[in-house]
K.L.:
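Questions regarding the structure given below will be posed in turn.
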Amino acid sequence: MTNDEYGDFVTEVEYAEDEDIRRAALGFISDAWAEAVACGVDTDAVAHAAMFTALADLVATYGEDAVAKLAEGLPERIQRGDYTVNRVLQ
């Protein structure tokens with residue numbers, strides 16, 4: 001294996017691990033969401049709490065300016081369907 005091939009392999013492993021971590025995180029959040037709803041918490045309240053928690057954590061980590069810049073792109077991503085779970089692809 002050459003250095004270039006090793007570098008590509010390491011990048012692929014890191015990407016797979018990052019994807020696995022994100023998938024696991026989504027599973028934890030989905031479980032907590034389902035538990036809150038099962039306990040009678042309104043889904044709108046859960047959604048707002050989740051958004052607040054996510055944004056507050058991002059602000060604490062990256063600062064207001066970086067998170068505001070991230071949020072600027074949300075309307076386009078929402079309209080593009082990036083967050084639509086049951087969308088029909090043609």
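We use all heavy atoms of the structure for the numbers below, so side chains are in, but hydrogens, waters and symmetry mates are not. The structure displayed is predicted, hence computed values, not measured ones.
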K.L.:
Got D18 and R22 here, is their nearest side-chain heavy-atom distance under 4.5 Å?
P.N.:
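The answer is yes, as the side chains (C-beta and beyond) meet within the 4.5 Å cut-off.
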K.L.:
So if you build clusters from Ile, Leu, Val, Met, Phe, Trp, Tyr with side-chain heavy-atom gaps below 4.5 Å, do I29 and V46 land together?
P.N.:
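Result: no, two separate clusters.
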K.L.:
Report the distance from atom CG of L55 to atom CD of E64, rounding to the nearest 0.5 Å.
P.N.:
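If I round to the nearest 0.5 Å, the distance is 11.5 Å.
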K.L.:
Can you tell me if CG on D31 sees more than 12 non-hydrogen neighbours from other groups inside 6.0 Å?
P.N.:
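Counting other residues, nucleotides and ligands, CG of D31 exceeds 12 neighbours.
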K.L.:
Just verifying a value: how many Å separate Q79 CD and E76 CD, rounded to the nearest 0.5 Å?
P.N.:
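Answer for the CD-CD pair, Q79 versus E76, is 8.0 Å.
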K.L.:
How close do A50 and W33 get, heavy atom to heavy atom, and via which atoms?
P.N.:
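Distance-wise, the nearest heavy atoms are CB-CZ3, 4.0 Å.
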K.L.:
Distance from L58 atom CG to T53 atom OG1, nearest 0.5 Å?
P.N.:
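That separation rounds to 11.0 Å.
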K.L.:
Quick check on the hydrophobic clustering: are V59 and L70 connected, directly or via other members, by side-chain heavy-atom contacts under 4.5 Å?
P.N.:
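Yes: a chain of side-chain contacts under 4.5 Å links V59 to L70.
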K.L.:
I'd like to check T61 versus D57 (side-chain heavy atoms, cut-off strictly below 4.5 Å). Are they in contact?
P.N.:
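Touching, per the 4.5 Å side-chain cut-off.
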K.L.:
If every non-hydrogen atom of A45 is compared with every non-hydrogen atom of V41, which pair is closest and at what distance?
P.N.:
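Smallest heavy-atom distance, with atoms named: CB-CG1, 4.1 Å.
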